[in-house]
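Report on the following structure.
Throughout, protein chains are lettered first and strands after them, A, B, ... in sequence-line order, and every chain is numbered starting at 1. Quick caveat, the model's predicted, so the values are computed rather than measured.
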There are 2 protein chains.
Amino acid sequence: MKMDKSTGEILRENREKKGLLLRQVAAKLDIDTAILSKIERSERKATKEQIIKLAQILDLKEEDLLVQYLSEKILYEIKDEELGQKALKVAEQKMKYMNKNNSND
Amino acid sequence: MKMDKSTGEILRENREKKGLLLRQVAAKLDIDTAILSKIERSERKATKEQIIKLAQILDLKEEDLLVQYLSEKILYEIKDEELGQKALKVAEQKMKYMNKNNSND
DNA sequence: AATTAATTTGACTATCATTGTCAAATGAAA
DNA sequence: TTTCATTTGACAATGATAGTCAAATTAATT
């Protein structure tokens, strides 16, 4: 599981590998080329729907791309936080706890 | 580190322990009583600034309250996601990786 | 039980972040 | 040097978040 590349980098690499133009992929996503350009350079975030479509278009495993995308969203949330690391750990604990006791809810 | 209580519950418990009224605490935060009421019942999220002030007002350790608060924000981000657990793990990995190589940036 | 004080609810507004378009500027290829 | 692809930045549209206010409800006092 490669953790070094950003979602944007992955998208660009794979688009180029397929010889597709920004214009072409953007059209399939029904957005302006400019946005896709920004997404690939991590200047903007994609939406979940766009990620799903992109996985299809670029023949990537949807789950992998989504996990990558979501993890970036999480990090974005705490990127400026001293306590980010601690908060992440606690979040994981809570998550486990929730899943253990998810009988109701 | 108690993980079972929500930020709201912690806030309410400690406000009541001190015998303070919503009205009084809300005044110090310079917001309407209604919002604080909602925050304590987890119907709304507090802002970071409010959390910091609340830690002071209620004599709670700022770091603990902030970690609690941030972890809740993270979970909120992935609460509806199948892949939340995986995304959290990947986020932690990335975080570690970043901190290891944070020489520049 | 009646009154008063505290909290909750919900409709509404204001503010801010996000997502998008568009046109012009830049860069790369032919 | 023209043409095509990408990038940039100003702006508009949308959506989410944070807030006010007044009325309804609940809890305490007398």
Check A:K86 with B:E63, please: is the shortest side-chain N to carboxylate O separation under 4.0 Å?
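Counted as a salt bridge, because a side-chain N and a carboxylate O are separated by less than 4.0 Å.
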One thing to verify: whether B:E72 and B:K45 come together as a salt bridge, which I'm taking to mean a side-chain N less than 4.0 angstrom from a carboxylate O.
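Looking at B:E72 together with B:K45, the answer is no, because their closest N to O distance does not fall below 4.0 Å.
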From [atom1] of [X] over to [atom2] of [N], roughly how many Å is that when rounded to an integer?
| X | N | atom1 | atom2 | value |
| --- | --- | --- | --- | --- |
| B:K73 | C:dA17 | NZ | P | 11 Å |
| B:K53 | D:dA18 | NZ | C1' | 14 Å |
| A:E43 | C:dT19 | CD | C1' | 13 Å |
| A:Y69 | C:dT18 | OH | C1' | 11 Å |
| A:D80 | C:dA17 | CG | P | 13 Å |
| B:E40 | C:dT9 | CD | P | 13 Å |
| A:E16 | D:dT6 | CD | C1' | 11 Å |

Taking only side-chain N and O atoms of [X], does any of them lie within less than 4.0 angstrom of OP1 or OP2 on [N]?
| X | N | value |
| --- | --- | --- |
| A:R12 | D:dT7 | yes |
| B:R41 | C:dT9 | yes |
| B:Q50 | D:dG19 | yes |
| A:S37 | D:dT7 | yes |

Pair B:E13-B:K5, salt bridge (charged side-chain N to carboxylate O under 4.0 Å, His left out): steps then yes or no:
CA-CA 10 Å; B:E13 272 179 20; B:K5 283 176 190 141; 3.6 Å; yes
State whether the side chain of B:R15 and the backbone N or O of B:L20 hold a donor-acceptor pair below 3.5 Å, judged by distance alone.
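Pair found, side chain donor or acceptor close to backbone of B:L20.
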Within residues 17-34 of chain B, find the residues that approach DNA chain D with a heavy atom at under 4.0 Å, and present them sorted by residue number.
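Correct list: B:I31, B:D32, B:A34.
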For the side chain of B:K38 and the base of D:dG19, is some donor closer than 3.5 Å to an acceptor across the two?
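For B:K38, whose side chain was compared with the base of D:dG19, there is no donor-acceptor pair (under 3.5 Å).
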Could you please name the option among [options] that lies closest to any side-chain atom of [X]?
| X | options | answer |
| --- | --- | --- |
| B:I35 | D:dT20, D:dT17, D:dT6 | D:dT20 |
| A:R44 | C:dG20, D:dG19, D:dT17 | C:dG20 |
| A:K45 | C:dT7, C:dT9, C:dT19 | C:dT19 |

Cation-pi, A:Y76 ring and A:K79 (6.0 angstrom, 45 degrees)
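Here A:K79 passes the 6.0 Å and 45° test against A:Y76.
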Minimum heavy-atom separation for B:I78 and B:G84, please, with both atom names.
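Shortest heavy-atom contact: CD1-O, 3.7 Å.
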Show the nearest heavy-atom pair for residues B:L29 and B:Q50, with the distance to one decimal.
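The pair with the smallest heavy-atom distance is CD2-O, 4.0 Å.
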